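Convention: sequence-line order gives letters A, B, ...; per-chain numbering from 1. The structure presented is a predicted model; accordingly, all values stated were derived computationally and were not measured.
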Amino acid sequence: MPTFSRNLEQSLHRALALANERHHEYATLEHLLLALIDDPDASAVMKACKADLGALKRNLLSYIDDDLKALVSDDAEEARPTAAFQRVVQRAVIHLQSAGRAEATGANVLVAIFAERESHAVYFLQDQEMTRYDAINHMSDGGTKRGGDTAA
Amino acid sequence: MTRTATETTAGPRRKAPSPRLGDEDNGKRRSTGAPGTAVVTKTRPQTKRPSLYRVLLLNDDYTPMEFVVHVLERFFNKDHETAHRIMMHVHQHGIGECGVFTYEVAETKVTQVMDFARKHQHPLQCVMEKK
């Protein structure tokens, strides 16, 4: 099984923390995407796809703080990932396994988000005119495969 | 896995057989429009805001009323009175609405409720429906 890269591990923790600090009962794909903006591997791909990360962040924050108010719960339980969140991470890992790679990065998780239906995270990415095809094209250019910083 | 972009929301707009035709086609088409004009049709990927979904409970003859009330309190943050009212609605009308959520949240709630009911061996059905 592929393992999570150090960056990805931190990003997943950040996604849960974003939900916890707002007392949200779930960590959703929007929390995940917001965390991925600060993930070096995922943000390199988004930048390469010419997404405006500042606008994306603003959209996600206002969605999370306004539209997800219903998720605020009084019991001090830990936020748990939604079914979609778990599926996305699983999809990324299974894909890398079949591609014969040892490590999953934030960029792989970003690509896996696109398969989710009726997702606001996908909507916000589309709003930046970014598609799954753009993302995988930029990833096969090299960059992320070698650790991120070399991406154009 | 990728979704097709055919379901545009724009309704019956102008038919553009293939957007951004190359130059090679210009000669044939010029006769129809004014000379030198071109229509730039940029195909944007469909960016429709995702719909919201209702989460519903369905009536059955075996799940105890108290269990339904408990589910409403536990998974839908209802106070006891509201939970009781929704439960009675399910009981009398066969169906009752627990809340309206995004697809992602609705799906997770449905899974949680179904798992919880199964664990306690009640046949309670929880479903979601596009709003």
Side-chain angles (χ1 to χ4, degrees), chain A residues 19 23-33 49 51 56 59 62-64 66-75 77 79-88 91-92 94-95 111-136, chain B residues 1-10 19-20 40-55 70-80 82-83 86 97-118 126-131:
Chain A
H23 303 285
H24 286 169
E25 71 181 299
Y26 303 123
T28 67
L29 292 179
E30 292 76 32
H31 296 99
L32 177 60
L33 183 56
C49 295
L56 184 59
N59 290 339
S62 79
Y63 173 80
I64 287 172
D66 301 337
D67 295 16
L68 292 185
K69 273 211 182 91
L71 294 188
V72 177
S73 81
D74 317 323
D75 0 328
E77 267 184 55
R80 44 156 83 197
T82 59
F85 188 120
Q86 297 175 29
R87 214 160 38 217
V88 161
R91 186 179 297 124
I94 289 172
H95 175 79
V111 169
I113 289 179
F114 281 98
E116 289 300 315
R117 57 179 290 204
E118 296 271 28
S119 161
H120 284 76
V122 177
Y123 166 75
F124 290 127
L125 285 170
Q126 284 174 341
D127 192 48
Q128 293 299 315
E129 301 196 27
M130 182 176 160
T131 65
R132 178 179 184 274
Y133 184 58
D134 292 337
I136 54 176
Chain B
M1 209 178 264
T2 43
R3 61 189 76 173
T4 47
T6 42
E7 37 169 321
T8 38
T9 48
R20 293 198 210 207
V40 180
T41 38
K42 196 183 172 207
T43 44
R44 264 195 116 212
Q46 45 153 31
T47 48
K48 193 184 135 207
R49 229 183 148 82
S51 321
L52 292 177
Y53 285 75
R54 286 195 177 89
V55 173
H70 180 62
V71 161
L72 286 160
E73 289 171 337
R74 177 172 171 152
F75 296 104
F76 298 96
N77 287 322
K78 302 293 182 199
D79 58 59
H80 191 75
T82 317
I86 297 174
E97 183 180 300
C98 317
V100 176
F101 309 96
T102 61
Y103 183 90
E104 184 178 356
V105 172
E107 182 198 21
T108 306
K109 298 254 185 217
V110 167
T111 312
Q112 282 183 321
V113 171
M114 293 297 283
D115 286 349
F116 188 69
R118 205 172 299 123
C126 183
V127 296
M128 59 195 275
E129 177 188 278
K130 200 172 187 165
K131 198 171 180 238

Report task. Could you check whether the rings of Phe116(B) and His70(B) sit parallel, tilted or perpendicular, using 30° and 60° as the cut-offs? Result -> tilted
**Prompt:** Should we say atom CZ of Arg87(A) is surrounded by more than 12 heavy atoms from elsewhere, each under 6.0 Å from it?
**Reply:** yes
Turns out that what part of Glu25(A) lies under 4.5 Å from chain B's heavy atoms comes down to side chain
Bottom line for Tyr133(A): the part with an atom under 4.5 Å from chain B's heavy atoms is neither
Scan side-chain atoms only and decide if Glu104(B) and Thr28(A) contain a donor-acceptor pair under the 3.5 Å cut-off. no
- [ ] Decide yes or no for Ser119(A) and Glu30(A): does some side-chain heavy atom of the first lie under 4.5 Å from some side-chain heavy atom of the second?
- [x] yes
Cut-off 4.5 Å, heavy atoms of chain B, and the answer for Leu29(A) is both
